[in-house]
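Chain letters run A, B, ... following the sequence lines, proteins first, then strands; residues in each count from 1. From a predicted model like this one, the values you see are computed outputs, not experimental measurements. Any value given below was found using the heavy atoms of this structure, including those in side chains, with hydrogens, waters and symmetry copies removed.
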There are 2 protein chains.
Amino acid sequence: MTAAPKFPPKTSCPAEKTLQALSGRWKILILRELFDGVKRFGELQKALSGITQKILTQQLRELEADGIIDRKVYPQIPPKVEYSLTPLGESLQPILETMHDWAVKYH
Amino acid sequence: MTAAPKFPPKTSCPAEKTLQALSGRWKILILRELFDGVKRFGELQKALSGITQKILTQQLRELEADGIIDRKVYPQIPPKVEYSLTPLGESLQPILETMHDWAVKYH
DNA sequence: CGGTATCCATCACGATACTG
DNA sequence: CAGTATCGTGATGGATACCG
């Protein structure tokens with residue numbers, strides 16, 4: 001489990017919650033893929049060249065736990081799993097755009 | 001050396017630059033203090049109850065390297081150092097507000 | 001196909017002590 | 001006052017192998 005809180009200073013700051021939700025080596029890239037539409041696990045792995053199954057699973061699970069993405073399993077052989085943004089996840093788009101613009105503006 | 005870049009996937013995404021600039025256990029809290037106005041090192045340390053000198057220095061140096069804050073040294077005894085936001089740093093305020101609102105909206 | 005289970009490397013963060 | 005120098009630790013990411 002290692003269920004230790006990840007970002008627990010004494011001062012609780014809401015903005016940090018958002019930062020934490022996006023913090024992860026691949027999360028923004030994953031979200032960028034999903035802004036494009038529903039994607040299967042394999043599609044994501046192919047798009048995110050270099051990511052391993054373990055890490056992709058891990059990052060997806062965290063996004064799911066934060067209510068940002070949705071995981072739909074089709075119980076069939078071979079398995080099929082689709083990932084999509086929740087409304088909450090879609091509401092991140094303007095934030096990511098702003099962050100994008102900020103980074104671009106001065107580089 | 002181990003001078004490996006910290007966040008360098010194959011896919012370069014500007015939004016990640018912004019995320020990286022804000023990533024750090026105390027950075028958002030430091031920025032919140034500085035939105036309030038110019039602060040001395042000791043004032044920041046007092047406000048950020050629990051932070052050590054080493055970590056505060058470290059986080060401040062990173063923010064400075066990213067062009068977000070300004071460090072002004074008064075060459076006197078005892079030393080006096082003031083930290084303030086650069087224009088770039090101030091331009092982060094709307095982003096942090098948006099992140100704040102996002103976190104608050106659904107919690 | 002879409003995962004787990006292990007094992008391992010790295011780095012951010014921190015406790016503590018010392019200094020110009 | 002505002003740092004630097006050491007040493008240590010746990011969370012995070014990754015390489016690899018196996019599974020329903």
At less than 4.0 Å, is any side-chain N or O atom of [X] found next to OP1 or OP2 of [N]? Yes or no.
{"X": "A/Tyr83", "N": "C/dG3", "value": "yes"}
{"X": "A/Trp26", "N": "D/dT12", "value": "no"}
{"X": "B/Arg71", "N": "D/dA2", "value": "no"}

Proximity to the side chain of [X] - top-ranked nucleotide from [options]:
{"X": "A/Val81", "options": "C/dG3, C/dC1, D/dG13", "value": "C/dG3"}
{"X": "A/Arg25", "options": "C/dT4, D/dG14, C/dG2", "value": "D/dG14"}
{"X": "A/Glu62", "options": "D/dG3, D/dG13, C/dC1", "value": "D/dG13"}
{"X": "A/Thr57", "options": "C/dG2, C/dC13, C/dT4", "value": "C/dT4"}
{"X": "B/Arg40", "options": "C/dT4, D/dC1, D/dG3", "value": "D/dC1"}

Sequence neighbours left out, what pairs pass side chain to side chain donor-acceptor pair (under 3.5 Å) with at least one residue falling in residues 33-44 of chain B?
B/Glu33-B/Lys39

Give the rounded distance in Å between these two atoms: [atom1] of [X] and [atom2] of [N].
{"X": "B/Gln45", "N": "D/dG3", "atom1": "CD", "atom2": "P", "result": "10 Å"}
{"X": "A/Ile55", "N": "C/dC7", "atom1": "CD1", "atom2": "C1'", "result": "13 Å"}
{"X": "A/Gln59", "N": "C/dT4", "atom1": "CD", "atom2": "P", "result": "14 Å"}
{"X": "A/Arg61", "N": "C/dG3", "atom1": "CZ", "atom2": "C1'", "result": "7 Å"}
{"X": "B/Leu44", "N": "D/dC1", "atom1": "CG", "atom2": "C1'", "result": "13 Å"}
{"X": "A/Phe41", "N": "C/dG2", "atom1": "CZ", "atom2": "C1'", "result": "6 Å"}
{"X": "B/Leu56", "N": "C/dA12", "atom1": "CG", "atom2": "C1'", "result": "15 Å"}
{"X": "B/Gln58", "N": "C/dT16", "atom1": "CD", "atom2": "P", "result": "17 Å"}

Which part of the nucleic acid, if any, lies within contact of B/Tyr74, taking any heavy atom under 4.0 Å across all strands shown: a base, the sugar-phosphate backbone alone, or nothing?
nothing

For B/Gln76, which contact category applies under a 4.0 Å heavy-atom criterion: base, sugar-phosphate, or nothing?
nothing

Protein proximity profile, nucleotides 15-20 of chain D - base contact B, sugar-phosphate-only contact S, no contact -, cut-off 4.0 Å on heavy atoms:
B----B

Heavy-atom pair of closest approach, residues [X] and [Y]:
{"X": "A/Leu31", "Y": "A/Leu85", "result": "CD2-CD2, 3.7 Å"}
{"X": "A/Ala21", "Y": "A/Leu63", "result": "O-CD2, 3.9 Å"}
{"X": "B/Gln59", "Y": "B/Trp26", "result": "OE1-N, 3.2 Å"}

With a 3.5 Å distance limit and no angle check, can you tell me whether B/Thr86 reaches the backbone of B/Ile68 through a side-chain donor-acceptor pair?
yes

How many angstroms lie between NZ in B/Lys17 and CG in B/Leu22, if you round to the nearest 0.5 Å?
10.0 Å

Atom pair OG1 (A/Thr52) and CD (A/Gln45), whose distance is rounded to the nearest 0.5 Å
7.5 Å

Out of curiosity, does A/Ile77 fall in the hydrophobic cluster containing A/Val73 (side-chain heavy atoms, cut-off under 4.5 Å, transitive links)?
no

